[in-house]
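Okay, structure first, notes after.
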Amino acid sequence: MGIPSLHHPHGSDIVSTLKSLFQTSSEIEQNYIVVLVHLLNPDPEWLNQTVTNISGLFKPHIEAQKLLVIHGLLNGSSLPGDANDFNRFSSCEAFHSRQKIDYALLMSFASNLSDYFLMVGDNSHCTPRFVSTVYWTLRAWKEIPWAVMLEFSNLNFSGKVFHTSDLSRLSSFFFLFQDTPASLLLSSFRFLLGQKVPISFQPDLFHTRKNANTSENPCSQVEEKEEDDEPENPPAQIRTNMLPKGHHPPEHAYFLNENYFQTEFIIPGSRYTVIFDESHLVSRVQVLTGVGKRGHYRVEHGQVELGFEPVQEKAGCTYWNLLGPLVRGKLDQKVYYENDFVGRVRCVKLLVTNFQDSITRIAQIKIWIKFKEE
């Protein structure tokens, strides 16, 4: 995990962010992370005070080498424009240049620490058990090639996960466009490396602190969290080759209530398909299997696909795109469309990818749709 600590005009939130991070992660979870904090400001007084605060509050984490604090500058102190002046921002270009240099140096230090790199802003609040959520998601996606970036937050940079093998290229890419905000460059970098649309999970794991200092900086682009409306499953047919067990037919999983579909002895190729009466611009899909927090009776191995162009002769779709694998029996992702793509979703399919000789429960399928194109 990398945290770039920028010196804001009214102070830094790095201590509050670190408190949130360690308080919301268990001791077991902390065994799977290394937190790297990069302090960029060259002001000795600020550096000494910040290091003293961190050392006093997080001594056990530092001694366990779970928290590393570094300080570095590019070529000594040669930052473009007014970026050397950390107490004022005379131009947004200078701020963006300084910000990207900070990110690039942080990524350079982090490139040999782990297989994955998670960026967290120094003004962030972390949700409980975020480490476990990221860990299990990465395990589920390990067998599915994802090009560049997974997103666990609606914020511009916090919650983005990269392969550490891509960090050197991303750092170089930042230096090519001095005046462009780093957040805008990420989408271009993702596209250039072959990932045409974002892979974004719900709910958000990171939020901007309400009193975050970046909100006082007009150059800082803090994106507000989009609040989803309640799911509104459109009229649809349900098709499955899985046999119902008991009085729990397939349609029950599509009802927005406590009903569910139950089956057993599922095999690779077992599928549960929702076929909309009309095609829709789907914005989010949630598939829940199993019972309770422990996920008893969940589908252990499966993936969710989106279908397009309905087959005229029989109910179904002509071609399919992978949305993502189940993560411990669940999927909750936003749906994005390529810029030149004009199709609408007609089908949503849960596909089983391995044998499971036990009772299995598909609890709920939830669909969010856009009624107006944005």
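- Residue F191 places its CZ atom among 12 or fewer non-hydrogen atoms of other residues, nucleotides or ligands, all under 6.0 Å distant.
- Side-chain N or O atoms of N233 include one that pairs as donor or acceptor with a backbone N or O of Y254 at under 3.5 Å.
- R239 contributes no side-chain N or O that, together with a main-chain N or O of T273, makes up a donor-acceptor pair within less than 3.5 Å.
- At least one donor-acceptor pair under 3.5 Å links the side chain of S111 to the backbone N or O of S108.
- V35 is not listed as a side-chain neighbour of H61, based on a closest heavy-atom distance of 4.5 Å or more.
- F201 and M1 fall within the same hydrophobic cluster, defined by Ile, Leu, Val, Met, Phe, Trp and Tyr side-chain heavy atoms under 4.5 Å apart, directly or through other members.
- Between H252 and F255, the ring-plane angle classifies as tilted under the 30° and 60° cut-offs.
- Across K66 and F22, no two heavy atoms sit closer than the pair O-CZ, 4.5 Å.
- The closest side-chain heavy-atom distance from P198 to K334 is not below 4.5 Å.
- For the pair N241 (side chain) and R271 (backbone), a donor-acceptor distance under 3.5 Å is present.
- A 6.0 Å sphere centred on CD of E232 holds no more than 12 heavy atoms belonging to other residues, nucleotides or ligands.
- Residues P249 and F261 have side chains not in contact (no heavy-atom distance under 4.5 Å, counting atoms from C-beta outward).
- Within a 6.0 Å sphere centred on OH of Y297, heavy atoms belonging to other residues, nucleotides or ligands number 12 at most.
- Under a 3.5 Å cut-off, the side chain of K160 and the backbone N or O of F117 do not form any donor-acceptor pair.
- A distance of 6.0 Å or more separates the ring centres of F152 and F130.
- With 3.5 Å as the limit, one finds no donor-acceptor pair spanning the side chains of N31 and E27.
- Each of H296, Q262, H248, E264 was checked for a side chain to side chain donor-acceptor pair (under 3.5 Å) with R361, and the lone residue meeting it is Q262.
- Counting heavy atoms from C-beta outward, P231 and I367 have side chains that stay 4.5 Å or more apart.
- No side-chain heavy atom of V345 sits under 4.5 Å from any side-chain heavy atom of H280.
- Q333 contributes a side-chain N or O that, together with a main-chain N or O of L323, makes up a donor-acceptor pair within less than 3.5 Å.
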If you apply the rule side-chain contact (heavy atoms from CB on, under 4.5 Å), what do you find for I365 with Y272, and how did you get there? CA-CA 10 Å; I365 309 290; Y272 180 102; 3.9 Å; yes
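- In this structure, Q356 contributes its side chain and R298 its backbone to a donor-acceptor pair below 3.5 Å.
- Think of I28 as one node in a network of Ile, Leu, Val, Met, Phe, Trp and Tyr side chains linked at under 4.5 Å; its network also takes in Y32, Y135, W136, V327.
- Taking each heavy atom of L243 and T263 in turn, the nearest pair found is O-OG1, 2.6 Å.
- When each of F175, F173, F157 is paired with Y103, the ring pair (Phe, Tyr, Trp, His ring centres under 6.0 Å) condition holds for F157 and for no other.
- Counting only distance, with no hydrogens or angles, the side chain of H71 and the backbone of L39 share a donor-acceptor pair below 3.5 Å.
- With hydrogens and angles disregarded, a donor-acceptor distance shorter than 3.5 Å links the side chain of T127 to the backbone of L205.
- With S153 contributing its side chain and F206 its backbone, the two residues share a donor-acceptor pair below 3.5 Å.
- A search for ring-ring contact (aromatic ring centres under 6.0 Å, His included) contacts involving F109 returns nothing, not counting sequence neighbours.
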